[in-house]
Amino acid sequence: VAEHFVVNVESQTYAIVTDNVVHELYGGQLESQLKALGKRVLTVIVSGGEESKTREVKAHIEDKLLAAKLTRSSVIIAIGGGVIGDMAGFVAATYMRGLRFVQVPTTLLAICNHCNRRRSHRGYGW
């Protein structure tokens with residue numbers, strides 16, 4: 001999977017935004033693969049669920065991006081359900097006037113939401 005990102009959404013720095021459950025299943029693997037390809041990777045783990053759609057969570061993600069000195073050439077990868085995709089997409093759209101964004105939906109609802117609405121971000125690969 002990492003090779004696909006490196007070829008199609010090229011960057012030296014990737015930020016993975018996910019929740020703790022999805023990180024254990026998939027996020028850690030993607031992080032390792034990207035690092036093995038010589039890429040700089042920041043992983044931001046937030047709580048899942050609708051209660052995570054807050055200004056505080058957005059600020060937490062942005063603070064991590066700022067601390068890691070992500071630039072406009074960086075890419076945000078959201079791995080998770082709809083809440084993760086919404087939050088990461090909103091941050092990607094507003095951080096430094098917009099970063100490239102890849103959504104990897106892991107629930108059926110997130111897939112439908114991403115395909116049908118693309119509310120807070122642009123799709124990847126469509």
Undergrad: Is there a path of hydrophobic side-chain contacts, each under 4.5 Å between heavy atoms, that joins I45 and L25?
TA: no

Undergrad: Please determine whether residues L42 and V91 belong to a single hydrophobic cluster, defined as Ile, Leu, Val, Met, Phe, Trp and Tyr linked transitively by side-chain heavy-atom distances below 4.5 Å.
TA: yes

Undergrad: Does R55, at its CZ atom, have more than 12 non-hydrogen atoms belonging to other residues, nucleotides or ligands within less than 6.0 Å?
TA: no

Undergrad: Measure from the side-chain N and O atoms of H23 to the backbone N and O of T18, and report whether any donor-acceptor pair falls under 3.5 Å.
TA: no

Undergrad: Hey, what do you get for OG (S74) to CD (Q12), rounding to the nearest 0.5 Å?
TA: 10.0 Å

Undergrad: Is the closest side-chain donor-acceptor distance between T13 and S11 under 3.5 Å?
TA: no

Undergrad: Determine whether a donor-acceptor pair (N or O, by modelled atom type, separation under 3.5 Å) exists between the side chain of R72 and the backbone of L99.
TA: no

Undergrad: Taking all non-hydrogen atoms of both residues into account, name the closest pair between V17 and I84 and its distance.
TA: O-CG2, 3.4 Å

Undergrad: Under 3.5 Å, side chain of R100 to main-chain N/O of I76, donor-acceptor pair present?
TA: no

Undergrad: Looking at M87 and K58, what are the two nearest heavy atoms and their distance?
TA: CE-N, 3.5 Å

Undergrad: On a heavy-atom basis, which atom in Y95 and which in L70 lie closest, and how many Å separate them?
TA: OH-O, 3.0 Å

Undergrad: Give, for atom CD1 of I77 and atom CD of E31, the distance between the pair rounded to the nearest 0.5 Å.
TA: 10.5 Å

Undergrad: So which atom in V6 and which in Y14 form the shortest heavy-atom distance, rounded to 0.1 Å?
TA: CA-OH, 3.6 Å

Undergrad: With S47, which residues qualify under side chain to side chain contact (heavy atoms under 4.5 Å, CB included), at least two apart?
TA: S52

Undergrad: Grab the two heavy atoms, one from G82 and one from T107, that are nearest each other, plus how far apart they are.
TA: N-OG1, 4.4 Å

Undergrad: To the nearest 0.5 Å, what is the distance between CD1 (I61) and CG (L66)?
TA: 12.0 Å

